[in-house]
Amino acid sequence: MIENIKNAIIRFKRSPAFTGFALFGFALILNIIIRGPAVFFSAQSMGTLFSKNAPIILVTMAQAVLLITGTLDISIGIQLALVNVVVIMLPQELGVSIPVAWLIGILVSLAISAVGGFLVAVLRIPSLLATFALTFVVMGINVLIMNVPQGSVPKAYYSTYDSLLFGFLPVAALMILGVALIWAVVKRTKFGKHIYAVGADPKKAFAAGINPTGTIMKAFLFKGFITGIAGIALTLMIASGNPLQVESYGLKSLAACIIGGLGFGGWGSMASGVYGVGFLVLIQNAVYYFFNFLQGTIVGFQITSYWQNFISDLIIMLGLLMTTVTARGQREALKQGISRQIKRGDKHAKES
Amino acid sequence: MISIKGVNKSFGTVVALKDARLEVKEGEIMALLGSNGSGKSTMIKILSGLYNPNSGSVEIDGKKVKIKSCVDAHNEGIATAFQDLSLVPTMTVIDNLVLGIEPLGKFGLLNRVKAVRMAKDILDRLGVVCDMDAYVQTLPMSTQSMIEVAKAILLKPKVLLLDEVTASLHHDEIQLLFNLVRELKAQGIAILFVTHRMGEVFELSDRVTIMRSGITVIDEDTSKLSMDDIVYYMTGKRPDAGKAEINLEMKEERELILDVKNLKQSKVRDISLQAYKGEIIGIAGLQGQGQPTFIRTVLGLMKPEDGSIIYKGKQTHYKSPENGIKNGMGFISGDRNKESIFQHRSIEENIYAGKAATQNIFKYVTVKEMKQFSLDAINAYKIVAGNVKDPATSLSGGNQQKLVVSRWIALAPDLLLLDDPTKGVDVHSRREIQQILRASALKGMTVIISSSENEELIEISDRIYVFYEGEISGVLKKEDMSMEKLVAAQMGMTSEGNGV
Ligand SMILES: Nc1ncnc2c1ncn2[C@@H]1O[C@H](COP(=O)(O)OP(=O)(O)OP(=O)(O)O)[C@@H](O)[C@H]1O
Ligand SMILES: [Mg+2]
């Protein structure tokens, strides 16, 4: 039993998600220290944390799937805004009911992801280039649908989003959990294995009878589905529409994935992305409350939000540096593997 | 069963196949032979859907079929173990084995239990022992080759194509593989295998097809051909009668170049070995007896746990292979993908790399110098290359290996360490490499060569150290070398003449 746990820990330490997990743990402890465990883990504080950050967390989960498949989508942020304007404008201008509008929002997100997938998988344009160009296309569409920020969401909807189920479970967290569960299932299908093969080496995947084009296309569609949900979460969070917002989520989600230890193609898991984004979010949170605390205790202490951002970005940069440190464990494992390979038969003989 | 006719395939200006043909019948084992770069792998890749030929037609059971992709090939019952491996290094053994043929359980989810059962069965039959959840990149080359074969067999093919799968396998593993291949033959499967080891051809195959420069020269029953015939069809020349006789007279006072005393490092438990100037030392042994560790420890890739390495009269404390190379050591590995070839760099850069490693890193390299150096090497070692600016991976497997060998020999190191250097090199070129090694040795280079092929060691070595479980189970001198003694020592039966 203890042996099993020990092995599980060793395996986890070597797993790609460990880097992100270590950083996430660090950020979590920082938060607990600054705010005290009772306050930090209070239902209300958790609720705010999730409702304010569910969109970026969901987007990062979507980005992680693409990175595993060996591609990425930098336009994912502006696609959230697209879903946002669609689900705001449909009820407002055409009187469509809200659930139907949401459904259409997800469909629109799938469609735009299909376009991205087509550019990358079929036309084979490098994904960074293709989706960067797509950013401007989507921006154009957004402004066509909604020229200036406007609109609202009925209170019943957004207050549900902000609320706590059974008094402790944030609804926003449930959305994340839902996507995580869907992924847990998808991961165990053929598709879930094929994205790893295609991400690592499309030629070898092809030799194994996998269709890389189709697999990349499916990955984009899966990402589109999650993006749709994230767009709805964003709409509920801000309770209005804005055609040009959260464009930075594209880069942010990418950074989160890399902090979390995802490699480009075939290495890492969605959990890596979640830890990475968790780190980003918690650091910002900690810095915010830390300065609040200073302002409360030191009389006359004033600081602008620029300083807060500066400090939190500094810590995030340190986190990126730390990634290289915590990643050493994995590199060690890899090196061991390679040296075993160099030593050739040794492992083979040992196990037999 | 399967036949392919009139195949043409060219890569840019390089013509790989010219009106080539091939036929394998049900329950037949066909050996596909040819020099390096003669188009064997290209033929196999066309049959498995990886390349589309410029022309040519494939028939299975008398019916014309179109193979446009690997999926088509699978559907027609063709499975392949590729020379350059189709395993995904960052995926686990089990995921790789069932990749593309994942057994599904409820709700379209993967059925791991079933997958493990399938995998275990085939791996057991091949005698592979490994952790199913290990990443493939962490496994030894020979295990990877076996997994590649296992993956092909799991497809339950009607036609099985094996492209130089035995190249990194040792004697005992090859026997297990051959037993399985014979079983498959009895089940009526058509088997095509490519090898450069002539012993295997006569041991296993029913028929041979020989290719030369992309043309099918002959297909014939194996029993009707002699070794010399095969070399003739491969090269177009009758081999010289007998082996090149080499003057083996040793000078009395020889300089001791390398003196290893009681070396210990993981798998190597207690090895003492002396190599004199101008001597060719063979290292023999079954797989996993510590040979690679030994060579890499001498080079400085690993630190000795105990014992001493005295090189040119001085005790070494190398921190990395760089130290060894700066002091006149050279190293050639059989695992060309991992250790030797810079896959995306051009052929000429690859040849030049060894020279660059011995120079000041800020030395300016002129384009002309690099080109001349590489052209000389290509001519000297008869590397079949299209354009020296092409990436190294465009070379055929054996030519990549020749490239690596040429890279080092051209530098004339004092001590050349070779780990299975002729893996995948055709018989003819192998002899050429051996002759080059001998000539270099006569000029004073010391060579330590480890090989999985006993014939080769006997042919080339002055003395053979046999490794068994990290110790020396025998040292054979030129006079008393024989296959029987070598095999006996490999099994751990200490032979006379132990200790020099
Ligand atoms: N992708 C490619 N691009 C350019 N040239 C290629 C490519 N693949 C093969 N060639 C060329 O085609 C010829 C045949 O190569 P092939 O790999 O079929 O040889 P082979 O018979 O398998 O040799 P070996 O025994 O060394 O493996 C070689 O001259 C090689 O350089
Ligand atoms: Mg080949």
Side-chain angles (χ1 to χ4, degrees), chain A residues 7-8 11 14-16 68 70 184-215 262-269 330 332-352, chain B residues 48-50 69-71 73-75 80 82 85-91 95-96 98-102 104 107-110 112 127-131 133-135 137-144 151 155 168 170 266-267 286-293 296 301-302 333 335 338-339 419 469:
Chain A
N7 281 341
R11 206 167 313 137
R14 286 183 184 169
S15 82
I68 291 169
V185 174
V186 169
K187 204 168 72 173
R188 285 174 179 78
T189 63
K190 272 179 180 241
F191 168 70
K193 293 291 172 195
H194 292 183
I195 56 171
Y196 277 90
V198 171
D201 193 333
K203 248 193 240 149
K204 289 185 169 174
F206 182 69
I210 295 170
N211 174 0
T213 313
T215 307
L262 270 158
F264 280 101
W267 189 251
S269 64
Q330 288 168 38
E332 235 10 80
L334 195 73
K335 224 167 55 191
Q336 264 173 26
I338 290 173
S339 72
R340 215 178 296 143
Q341 137 98 32
I342 290 168
K343 285 184 247 162
R344 278 225 313 229
D346 292 14
K347 176 166 186 264
H348 192 90
K350 214 184 300 163
E351 282 178 355
S352 57
Chain B
S48 50
L50 217 52
S69 73
C70 297
V71 181
H74 289 179
N75 291 340
T80 315
F82 292 96
L85 304 189
S86 65
L87 304 175
V88 180
T90 49
M91 289 175 82
D95 285 347
N96 260 296
V98 298
L99 191 61
I101 51 161
E102 295 86 352
L104 297 182
F107 317 117
L109 296 188
L110 303 184
R112 191 183 145 91
V128 178
V129 185
C130 69
D131 178 5
D133 291 314
Y135 290 111
Q137 64 190 1
T138 64
L139 297 175
M141 202 56 212
S142 58
T143 311
Q144 292 189 25
K151 186 178 159 192
L155 286 168
S168 42
H170 277 243
S266 64
K267 203 74 221 274
L286 297 178
Q287 125 128 76
Q289 309 297 321
Q291 307 94 309
T293 315
R296 285 161 179 80
L301 206 65
M302 293 171 214
S333 161
D335 288 347
K338 279 269 167 176
E339 293 180 71
D419 186 16
E469 303 207 320

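Excluded from the calculations below are hydrogen atoms, water molecules and symmetry mates; all remaining heavy atoms, backbone and side chain alike, are included.
Note on Ala197(A), Ala205(A), Ala200(A): by heavy-atom pairs under 4.5 Å with chain B, the leading option is Ala197(A).
Nearest heavy atoms, Val185(A) versus Leu109(B): O-CD2, 3.6 Å. Considering every non-hydrogen atom in both Ser86(B) and Lys204(A), the closest pair reads O-CB, 3.6 Å. Thr90(B) and Gly266(A) get closest at one heavy-atom pair: OG1-O, 3.7 Å. Closest non-hydrogen pair, Gly209(A) versus Val71(B), comes out as O-CG2, 3.3 Å. The minimum heavy-atom distance linking Lys190(A) with Gly100(B) is given by the pair NZ-O, 3.8 Å. Annotation for Phe206(A) and Cys70(B): closest pair O-CB, 3.1 Å, computed over non-hydrogen atoms.
For Asn211(A), the side chain to side chain contact (heavy atoms under 4.5 Å, CB included) partners two or more places apart in sequence, or in a different chain, are Thr213(A). For Lys193(A), the salt bridge (charged side-chain N to carboxylate O under 4.0 Å, His left out) criterion is met by Asp95(B), not counting sequence neighbours.
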>> Please determine whether side chain to side chain contact (heavy atoms under 4.5 Å, CB included) holds for the pair Glu102(B) and His194(A), giving the CA-CA distance in whole Å, both sets of side-chain angles, and the decisive distance to 0.1 Å.
In response: CA-CA 10 Å; Glu102(B) 295 86 352; His194(A) 292 183; 2.9 Å; yes
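For chain A, the nearby part of Leu87(B) is the backbone; its heavy atoms alone come within less than 4.5 Å.
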